[in-house]
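Heads up: the structure comes next, in structure tokens.
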Amino acid sequence: MERKHNRKFVRTFFTSPTAVEGEDDSAKMMESASQLRGMQAPDVWVPDNEDATAPNMRDEGAQNIIDVVSENGADFPGEIHPRVVWHRDSPETRYQGFQHLLEIADPDNGAIQHIDGFVIPEVGDIDDWKKADEFLTIVENEHGLEEGSIAMSVIVECGASELAMEELRTEIGRPSNNLERLFMLVNGEVDYTKSMRAITPTGELPPWPELRHNTSRAADAAGLIAVDGPYDDIRDVDGYRERMTDNQAKGQLGIWSLTPGQVVEANKSPLPTPEGYWLLDADGEEVELADEDGVWTYKGDNVSVEESGDGYVLTVGTDEIEVADKDELAEEVLDLVSYVPSMNDIVDSMEEFEAAKEAGKGAIAMTQAATVRIGDVDVDVSRDRMWDEATYQALQTPITLFQDVYENRPDQHEDLAELYSEDVVERAMEVGN
């Protein structure tokens, strides 16, 4: 199926109200968002004329989108995808959204030239997705725009829209629709929780891992991009990072951002770390080891090593493991540690494999080695990992993401060079091509 959009990855989906009640300038938050640059600027900016804007302000919000985007949209470094109102059960709401689409997309108003698409919330079954697509097709024809040129992203906020994702592979590309315009599938956990009538003892949102997996799977099957919903505890930076790490293991590399601070975190999260480091499984808790002059040191209380006669006793939580010598100890510690490679490590390994492949080798062994200090005992650990074509392609994803970011976000070049160094950036842009 044909992709109608250029981005392969979206890290950040940043919403801002289109009109703020009680302010002299109701568009001030949009004005502020339109000025974001570098790591504070999202890959996708969503002027939000739905939930973030009061119902009585939405007509003014649509006009603010026109005014701000027509003035500042050309210089905004990411894509711009306003969210309009829509609801699967409300023809009146859909009609209001349609009127806003017509107004915002009118070339005479000067905004559509800088708008990449629209975000449609509260969609239902696949027929409802087609209604939204048909409205956009009508808008394009009304204003003399190329059919399918306006991207459409949907927010999955009920069971019907979750099930509709299963039908995308079949429906996209039918001559009776323009669903190739689809760009992002976005989780809307708040309304999804409401629609599912879910209850938790604390009133907090359920984590919905199944929804996040299903969205990521549907995006992969249909050539789209999966984005997770908002993490509304904006002060909980660690929780936000944990959510992104969990998402990334599902292939969902984008996330909703509510503040420029969250944008910075989300922009950096899926990129390879600038410095490699070792982790230790300390009785179920992954702990980052401290680098002390090349010795990776554990400073917690859940793991210890003591000499016992000629051997050692390794204690993990309440479990004690007796070993005869340093070699056996190294084998036990090796099972507890893992390495997080840096950008430079990944590029080095890819370059080494490419050179081996060019020399006619189908697989090579890559060695990871470290000295781990637990208490007063230093243990040398090492493991060999076989690299073949499948390993190479799997580990190419973070590099492909980096390359996509570098090509589409020149405003972040300086930040990326500062993060990794000019040399590593240059090599990362060459490897795999």
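- Contact between Asp236 and Gly239 at its shortest, heavy atoms only, is OD1-N, 2.9 Å.
- Applying the salt bridge (Lys or Arg N to Asp or Glu O under 4.0 Å) criterion to Arg383, with sequence neighbours excluded, gives no partner residue.
- Annotation: side chain of Ile112 is not in contact with side chain of His143 (no heavy-atom distance under 4.5 Å).
- Between Lys250 atom NZ and Asn214 atom CG the span is 11.0 Å, to the nearest 0.5 Å.
- The only member of Arg385, Met386, Met366 that meets side chain to side chain contact (heavy atoms under 4.5 Å, CB included) when paired with Thr391 is Arg385.
- Counting non-hydrogen atoms of other residues, nucleotides and ligands closer than 6.0 Å to CD of Gln113 gives a total above 12.
- With Arg174 as the partner, the side chain to side chain contact (heavy atoms under 4.5 Å, CB included) test is satisfied by one option alone out of Ile172, Asn177, Asn178: Asn177.
- Remark: side-chain polar atoms of Gln403 are not paired, donor with acceptor, to backbone N or O of Gly432 under 3.5 angstrom.
- Electrostatic pairing of Asp127 and Lys131 does not count as a salt bridge here, judged by no charged N lying under 4.0 Å from a carboxylate O.
- A search for side-chain hydrogen bond (donor to acceptor under 3.5 Å, both in side chains) contacts involving Glu122 returns Arg88, not counting sequence neighbours.
- Salt-bridge annotation for Asp220 and Arg217: absent, with no side-chain N of the basic residue lying under 4.0 Å from a carboxylate O of the acidic one.
- With sequence neighbours left out, the side-chain hydrogen bond (donor to acceptor under 3.5 Å, both in side chains) criterion links Asp319 to no other residue.
- Only one option out of Leu419, Leu416, Asn344 pairs with Pro274 in a side chain to side chain contact (heavy atoms under 4.5 Å, CB included); it is Leu419.
- Evaluation of the side-chain hydrogen bond (donor to acceptor under 3.5 Å, both in side chains) rule for Glu60 yields Ser26 as partners, not counting sequence neighbours.
- Here Asp51 pairs with nothing under the salt bridge (Lys or Arg N to Asp or Glu O under 4.0 Å) rule; sequence neighbours left out.
- Across Phe118, Phe183, Phe76, a single residue satisfies ring-ring contact (aromatic ring centres under 6.0 Å, His included) together with His81, and that is Phe183.
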Could you give the side-chain donor-acceptor pairs of residues 202-210 under 3.5 Å, partners two or more places apart or in another chain?
from   : atom 1 : to     : atom 2 : distance (Å)
Thr202 : OG1    : Glu204 : N      : 3.2
Trp208 : NE1    : Thr193 : OG1    : 2.8

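- Side-chain contact between Phe402 and Met429: present, with at least one pair of heavy atoms (C-beta onward) separated by less than 4.5 Å.
- Of all non-hydrogen atoms in Ala132 and Met152, the two that sit nearest each other are CB-SD, 3.7 Å.
- Summarising the local packing, CG of Asp301 is surrounded by 12 or fewer heavy atoms from other residues, nucleotides or ligands at distances under 6.0 Å.
- Contact record, Pro91 with Asp89: CD-O, 3.7 Å, taken as the closest heavy-atom pair.
- Here the two rings, on Phe14 and Trp45, have centers that are 6.0 Å apart or farther.
- Atom CD of Glu354 is surrounded by more than 12 heavy atoms from other residues, nucleotides or ligands within 6.0 Å.
- Within 6.0 Å of atom CD in Glu23, more than 12 heavy atoms from other residues, nucleotides or ligands are found, so the atom counts as buried in its surroundings.
- Between the side chain of Asn64 and the main chain of Gly61, no donor-acceptor pair closer than 3.5 Å is present.
- Annotation: ring pair (Phe, Tyr, Trp, His ring centres under 6.0 Å) contacts involving residues 336-364, sequence neighbours excluded, comprise Trp278-Tyr339, Phe353-Tyr392.
- Legend: salt bridge (Lys or Arg N to Asp or Glu O under 4.0 Å) pairs involving residues 258-270, not counting sequence neighbours, sorted by first then second residue: Arg241-Glu265.
- Rounded to the nearest 0.5 angstrom, Leu168 CG and Ile126 CD1 are separated by 5.0 Å.
- Looking at Asp75 and Arg37, their side chains come closer than 4.5 Å, going by heavy atoms from C-beta outward.
- Within the 4.5 Å cutoff, the side chain of Ile255 has no heavy atoms near those of the Gln262 side chain.
- Remark: the backbone N or O of Asn72 is not paired with any side-chain donor or acceptor of His114 at under 3.5 angstrom.
- Distance check, rounded to the nearest 0.5 Å: CG of Leu336 to CD of Glu332 gives 7.5 Å.
- Within 6.0 Å of NZ on Lys28 lie no more than 12 heavy atoms contributed by other residues, nucleotides or ligands.
- Scanning for salt bridge (Lys or Arg N to Asp or Glu O under 4.0 Å) contacts around Asp228 gives Arg243, with sequence neighbours left out.
- With hydrogens and angles left out, the side-chain atoms of Asn247 and Arg212 include a donor and acceptor closer than 3.5 Å.
- Residues Val405 and Phe9 fail the side-chain proximity criterion, which asks for heavy atoms closer than 4.5 Å.
- Taking Lys299 as the reference, Glu292 meet the salt bridge (Lys or Arg N to Asp or Glu O under 4.0 Å) condition, with sequence neighbours excluded.
- With rounding to the nearest 0.5 Å, the separation of CZ in Phe98 from CG in Leu136 is 9.5 Å.
- Taking all atoms of both residues into account, the shortest heavy-atom contact from Asn267 to Gly38 is ND2-O, 4.4 Å.
- Within 6.0 Å of CD in Glu275 there are 12 or fewer heavy atoms belonging to other residues, nucleotides or ligands.
- By the 4.5 Å heavy-atom criterion applied to side chains, Asp384 and Thr367 are counted as neighbours.
- Side chain of Asp128 to main chain of Gly124: a donor-acceptor pair is present (N/O by atom type, distance under 3.5 Å, no hydrogens or angles).
- Of the possible polar contacts, one joining the Ser161 side chain to the Glu157 backbone as a donor-acceptor pair under 3.5 Å is found.
- Heavy-atom contacts from other residues, nucleotides or ligands closer than 6.0 Å to CD of Glu422 number 12 or fewer.
- Under the 3.5 Å distance criterion, the side-chain polar atoms of Arg169 are matched with a main-chain donor or acceptor of Ala221.
- In terms of heavy-atom proximity, Glu286 sits nearest to Leu279 at OE1-CD1, 3.6 Å.
- Trp387 places a side-chain heavy atom less than 4.5 Å from the side chain of Met350.
- Applying the salt bridge (Lys or Arg N to Asp or Glu O under 4.0 Å) definition to pairs two or more places apart or across chains, those involving residues 393-414 are Arg7-Asp404, Asp43-Arg409, Arg409-Asp411.
- Panel note: side chain Ser216, backbone His213; no donor-acceptor pair is recorded below 3.5 Å.
- With sequence neighbours excluded, no residue forms a side-chain hydrogen bond (donor to acceptor under 3.5 Å, both in side chains) with Ser349.
- Contact between Thr53 and Arg58 at its shortest, heavy atoms only, is O-NE, 3.2 Å.
- Atoms CD1 and CE, on Ile155 and Met184 in that order, are 8.5 Å from each other to the nearest 0.5 Å.
- Ser269 OG to Leu253 CG: the interatomic distance, rounded to the nearest 0.5 Å, is 9.0 Å.
- With contacts defined as side-chain heavy-atom distances shorter than 4.5 Å, the pair Pro82/Ile80 qualifies.
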